[in-house]
Novice: 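So that we are looking at the same thing, I have put the structure below in structure tokens.
Numbering of residues begins at 1 and proceeds along the displayed sequence. Here the structure is a predicted model, which is why all the values come from computation and not from measurement. Counting starts at 1 for both ligands and their atoms, in listed order.
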Amino acid sequence: MLTESTLRFGAQTDEVTSLLRIVNLVRTGEATTRPEIGKVTGLGRGVVSQRVDQAIQIGFLGDGEFGASSGGRAPRTLRFRAEQGRIVICALGAAHIRVGITALDGDILEHTHRAWDIEQGPEKTIAAVMTLVDEVLAKDSKVPVWAVVVGLPGPVDFNSGQPVSPPIMPGWNGFDVRTPFEERFNAPVWVDNDVNLLALGERTRRRDALADLIYCKIGSGIGAGLLSQGRIHRGANGAAGDIGHVRVLDSTAVCRCGKIGCLEAVASGWALVRDVEQAVKEGASTSMAPIAEKGKLTLEEITLGVRSGDPLAIMLVQKSARVVGEKISALVNMFNPAVIVIGGAIGSAGEVFLAEVRQRVYELSLPLATRDLIITMSVNDEREPLRGGAELAREQLFDVTFPRWFAKGRPMRKPSDVSA
Ligand SMILES: [Zn+2]
């Protein structure tokens, strides 16, 4: 029997295990009626009924519509009560902050963004983030925040929630990003690398939830997120996938990280901007010249140049794609992904970029590793990091920490302490 005390202490008994499984079956849509739950779990009718009643009582499930009849009386469907909590996602880039809130099913309810230079340091940046969060929450007040996810443009130690020597974030090394959010929202907080969020966002779009996938973001900087069997591979220190600072042979370009010849320094958005500016100074004829001379050129402008057929833009973007393709091919041989997704602002260059990457990867990778490999562009949607952040929170809440907090009906700050 599920007693008050097992619920209160969240003990991982068979009863608790089956209760949590049933909530998750309904939540993911795998089984949404009592008979279906019985079929999937092998539990008897009486037990299923009892557990479902418990889940309804705690507040996770509610009664839904009547389902399809298979002869007799149509069974009543159950639904996961996604509306009872909110997930706050704060996606920080090098030059902007994007904030959104979702329901517990990941549905984006409100979002906003602003330009912001992450080099302003952690205190000022987090204050600016909080202001944006207050703005979006004001439009949707009264529902408690169940989880907060913060994405940062650099390596993050996922366990401590601290950035680890992030190359473009001076003052952030070892900063405790988690605590200010925990204190503000009294909810568990997860901090991760921004490209990991994008890789998780991509997972929500794939039928194969257990895919081996590489998400390579080429924006102002370059980074990659790795999904191994559907799980983020963060590595020992959170640095996995940080391909922006691997060495490109023969390059003498100085990188933002201080090293020479990094992939970023050759192929990223800021490197392309530098190259166009240099070419314009040397008298190259290009439609980008007026903006470049004003020092206002961005990667977005360069991709516009590609689309309007500007030869300099096309030449430089193809050059970037060849170097990126070369580095990705090394990953392909090591990691053997099923899918490579190219995202970030370079996405607007479309096939011009993708075709070069494909050619390079097929040329340099082992035939076995590329036999079924898909190389594709990400969906071009600025809300993608918010989707990925919600996916991370849902995974952490319902797959990882659920047994520790479910008895309270909602997660609290530091899920690891809840069972104590
Ligand atoms: Zn570097």
Novice: Ignoring hydrogens and angles, write down the donor-acceptor pairs under 3.5 Å from the side chains of residues 162-175, residues two or more places apart or on other chains.
Specialist:
from: W172; atom 1: NE1; to: I118; atom 2: O; distance (Å): 3.1
from: N173; atom 1: OD1; to: S165; atom 2: N; distance (Å): 2.8

Novice: Restricting to distances shorter than 2.8 Å, give the number of protein N, O or S atoms close to the Zn ion (ligand 1).
Specialist: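 Number of qualifying protein atoms: 4.
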Novice: Quick one: which residue pairs count as a salt bridge (charged side-chain N to carboxylate O under 4.0 Å, His left out) with a foot in residues 242-271, not counting sequence neighbours?
Specialist: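 Every pair satisfying salt bridge (charged side-chain N to carboxylate O under 4.0 Å, His left out) with a residue in residues 242-271: R256-E264.
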Novice: Quick check against the 3.5 Å criterion: does T298 have a side-chain atom that pairs as donor or acceptor with the backbone of E301?
Specialist: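 A pair under 3.5 Å: yes.
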Novice: Under 3.5 Å, which donor-acceptor pairs do the side chains of residues 87-104 form with other protein atoms, sequence neighbours left out?
Specialist:
from: R98; atom 1: NE; to: E382; atom 2: O; distance (Å): 3.3

Novice: Does R358 pair with E351 as a salt bridge, N-O distance under 4.0 Å?
Specialist: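 Looking at E351 together with R358, the answer is yes, because their closest N to O distance falls below 4.0 Å.
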Novice: Between F60 and F398, is the ring pair (Phe, Tyr, Trp, His ring centres under 6.0 Å) condition met? List the steps.
Specialist: CA-CA 11 Å; F60 293 121; F398 297 107; 7.0 Å; no
